[in-house]
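Heads up: the structure comes next, in structure tokens.
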There are 2 protein chains.
Amino acid sequence: MSGFYQPHPRFLQAIDCVIFGFDLEKLKLLLIHRDFEPQKGKYSLMGGFLKESENLDEAAGRILEKLTGLDNVYLEQFNTYSEVNRDPAARVISTAYYALIKIDESDRDKTQSHGAEWFDINEIPELIFDHNSMVENAFDIIRHKSKFYPLGFELLPEKFTIPQLQKLYEVINQVKFDNANFRKKIMSMNLLVKLDEKEKEGSKKGAFLYQFDKEKYDKLIQSGFLFEI
Amino acid sequence: MSGFYQPHPRFLQAIDCVIFGFDLEKLKLLLIHRDFEPQKGKYSLMGGFLKESENLDEAAGRILEKLTGLDNVYLEQFNTYSEVNRDPAARVISTAYYALIKIDESDRDKTQSHGAEWFDINEIPELIFDHNSMVENAFDIIRHKSKFYPLGFELLPEKFTIPQLQKLYEVINQVKFDNANFRKKIMSMNLLVKLDEKEKEGSKKGAFLYQFDKEKYDKLIQSGFLFEI
DNA sequence: GCAAAAGTGTTGAACTTACACCCATGT
DNA sequence: ACATGGGTGTAAGTTCAACACTTTTGC
């Protein structure tokens, strides 16, 4: 039974993670300052190699946990990179994932011990191999996908204000929205639960905090509802 | 330089193609009746293994050409499947592509010599391994993507009528559209060139033929236009 | 002449957009 | 008291969905 595939070549299989975060001001990316070979000293995405005992999703989760301490994170495969010389040291196929994490929940000790730093999405340094392409592709995908799926809430704290949510969509789409209209659109979906607390950092008046109601969203989806920003 | 990655395992890397076509009535998929092991006798997607000398896009193009004789086809990677036991014969990672082809241009001799047959998308038989999941995933993606990108024209002959275009979108989305409104929406985009010919098979009156103007589309995109059905 | 599909026109409802305006509060 | 960002209201413009209607032709 195991003889059919003998003549075909085998490849090293890597995983790279494009990790997005939002600090309530800017969209950020978590990058590694490499103190290991190859390309020691440069910046890169967090990555690793696939093991015999796991699938790619599991490997991506393992790698992300190692860096951030976070489990149960929004993590999605988006492309597999396979240029023959993408990695000059060896033929490596790399499957890329993007992760959306809540910065405030990540483990600072872990990220620091890996030499990881947050970069503004508009100020990404030169990265190794094809990692800059991976970042661009991932950003394009979340920009498009965030319009039709409630991805945004993965990047915000559990409790957030409407202006914070608006700011997030503005930095993702690199546009300005009218605050009155943005609010109306979001509210008309009935997906947010208003809390009795206010957030007072951002303004003198303070803004009410809300939570995303995932159960309600799942129910609405069943009945044909389309999320759209 | 080549010693860094030594301890990591290597994997067989396959490519599988979900090949869509439209016969002006139904959305179809090109499947192989396997007369080879493993799983001889069952149906599967067309696939193959990655070579040392090529990347995945090139491999997918090669495999598609072998089956259909077609070059320069709309072909896009959409997911990499890596379950540990997805192929019981060996650990194989498979990157899946979907192709949109014009049935009338494919090489019948080639497809027949590979034992390939067209199946209605709603009547797909049981396929080997995880190929049924691949088909479902690919269909979901083209359904979504065809709303915002002019994918449909890849499936139609060079010259087509508005009712044919409408029928295509109806079978992709499994809905019925109002013909007056569909026509208005398409026409308002100014992307079709009306020809002086009529198509007389489909009806007594006959319908005018049109061509998709790719150059105009590219120009409009530059200036911020959004295609949407 | 009638059935059937191609193609046009009209209308009210729904949704967007722009913008004026009020509210609460720290300084 | 006033500047600042939070939050509400409204009117005009645009798009959308439903459907009535006309056209052409093979039988």
Side-chain angles (χ1 to χ4, degrees), chain A residues 22-26 147-148 152 156-157 159-171 173-211 220 223-229, chain B residues 22-26 147-148 152 156-157 159-171 173-212 220 224-229:
Chain A
F22 178 58
D23 67 1
L24 305 183
E25 286 291 330
K26 290 176 166 175
K147 285 195 171 61
F148 301 102
L156 288 164
K159 300 172 180 183
F160 54 86
T161 69
I162 305 299
Q164 286 168 354
L165 181 65
Q166 179 176 343
K167 182 81 192 165
L168 173 59
Y169 277 96
E170 287 177 347
V171 297
N173 294 290
Q174 328 236 53
V175 291
K176 268 294 220 177
F177 296 119
D178 177 288
N179 70 327
N181 295 335
F182 181 84
R183 190 176 217 98
K184 263 176 285 179
K185 187 177 253 171
I186 289 288
M187 288 313 183
S188 72
M189 289 192 258
N190 269 320
L191 288 170
L192 300 187
V193 180
K194 187 175 186 173
L195 304 178
D196 272 335
E197 299 167 71
K198 276 196 167 186
E199 194 282 328
K200 314 276 283 181
E201 306 275 297
S203 71
K204 293 163 185 170
K205 181 175 176 182
F208 278 103
L209 287 162
Y210 290 80
Q211 271 182 304
L220 282 173
S223 52
F225 163 82
L226 182 70
F227 180 90
E228 188 174 351
I229 298 280
Chain B
F22 178 58
D23 66 1
L24 305 183
E25 286 291 329
K26 289 175 168 177
K147 284 194 170 63
F148 301 100
L156 287 164
K159 301 171 180 184
F160 54 86
T161 68
I162 306 297
Q164 286 168 354
L165 181 64
Q166 178 176 344
K167 182 80 192 165
L168 173 59
Y169 278 95
E170 288 178 344
V171 297
N173 295 291
Q174 328 236 55
V175 291
K176 267 293 214 182
F177 295 119
D178 177 286
N179 71 328
N181 295 335
F182 181 85
R183 191 179 216 96
K184 263 175 283 181
K185 187 176 252 171
I186 289 289
M187 288 314 184
S188 72
M189 289 192 260
N190 269 320
L191 288 170
L192 301 187
V193 180
K194 187 174 184 171
L195 304 177
D196 272 335
E197 300 167 69
K198 277 197 168 188
E199 193 283 329
K200 315 276 286 181
E201 307 275 298
S203 70
K204 292 160 186 173
K205 183 178 176 182
F208 278 102
L209 287 163
Y210 290 81
Q211 270 182 305
F212 176 62
L220 282 174
F225 163 81
L226 182 69
F227 180 89
E228 187 175 350
I229 299 280

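Quantities reported herein were computed from a predicted structural model and do not represent experimental measurements. Proteins get letters first, then strands, A, B, ... in listed order; numbering begins at 1 in each.
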Checklist outcome for this item: When rounded to whole Å, the CD1 to P distance for the pair B:I229 and D:dA17 reads 13 Å
Item to check | All salt bridge (Lys or Arg N to Asp or Glu O under 4.0 Å) counterparts of B:K159, not counting sequence neighbours | outcome: B:E197
Checklist outcome for this item: B:K198 NZ to D:dT23 P, in whole Å, measures 13 Å
Item to check | DNA chain D-proximal residues of residues 178-193 of chain B, any heavy atom under 4.0 Å | outcome: B:D178, B:A180, B:N181, B:K184
Next on the checklist: Let's test your reading of the model: under 3.5 Å, does the base of D:dT24 pair with the side chain of B:K204 as donor and acceptor?
Outcome noted: no
Item to check | Spatial distance of atom CG (A:L24) from atom CG (A:L156) [nearest 0.5 Å] | outcome: 7.0 Å
Item to check | With B:K147 via salt bridge (Lys or Arg N to Asp or Glu O under 4.0 Å) - residues at least two apart | outcome: none
Next on the checklist: Please report the distance, rounded to the nearest Å, between CD in B:E201 and P in D:dT25.
Outcome noted: 16 Å
Checklist outcome for this item: Separation of D:dG7 atom P from A:L165 atom CG, nearest Å, is 12 Å
Checklist entry - Heavy-atom count around A:E201 CD within 6.0 Å, excluding the residue itself: above 12? => result no
Next on the checklist: Distance check, rounded to the nearest 0.5 Å: B:F160 atom CZ versus B:L168 atom CG?
Outcome noted: 9.5 Å
Checklist entry - Taking only residues two or more places apart in sequence, or in another chain, which ones meet A:Y169 in a ring-ring contact (aromatic ring centres under 6.0 Å, His included)? => result none
Next on the checklist: Closest-nucleotide mapping onto DNA chain D: is A:I162 or B:K200 further toward the 5' terminus? I mean the 5' end.
Outcome noted: A:I162
Next on the checklist: Check for me whether B:K194 meets the cation-pi criterion with B:Y210, that is, NZ or CZ under 6.0 Å from the six-membered ring centre and within 45 degrees of the ring axis.
Outcome noted: no
Item to check | Between C1' of D:dT8 and CZ of A:F208, the distance in whole Å | outcome: 14 Å
Checklist outcome for this item: Rounded to the nearest 0.5 angstrom, the CZ-CG distance for A:F208 and A:D196 is 7.0 Å
Checklist entry - About how many Å separate CD1 of A:I162 and CG of A:N179, when rounded to the nearest 0.5 Å? => result 11.0 Å
Item to check | Of B:G206 and A:G206, the one whose closest DNA chain D nucleotide lies more 5' | outcome: A:G206
Checklist entry - Should A:E170 and A:N173 be marked as a side-chain contact (heavy atoms from CB on, under 4.5 Å) after you check the CA-CA gap, both sets of side-chain angles, and the distance that decides it? => result CA-CA 5 Å; A:E170 287 177 347; A:N173 294 290; over 6 Å; no
Checklist entry - Mind checking whether A:F148 and B:F148 have ring centres under 6.0 Å apart? => result yes
Checklist entry - Quick one: how far along DNA chain C does chain A reach, first to last nucleotide 5' to 3', anything under 4.0 Å to a heavy atom? => result C:dT17 to C:dG26
Checklist entry - End-to-end bend of the helix from C:dG1-D:dC27 to C:dT27-D:dA1 (five-pair axes, 10° rounding)? => result 10°
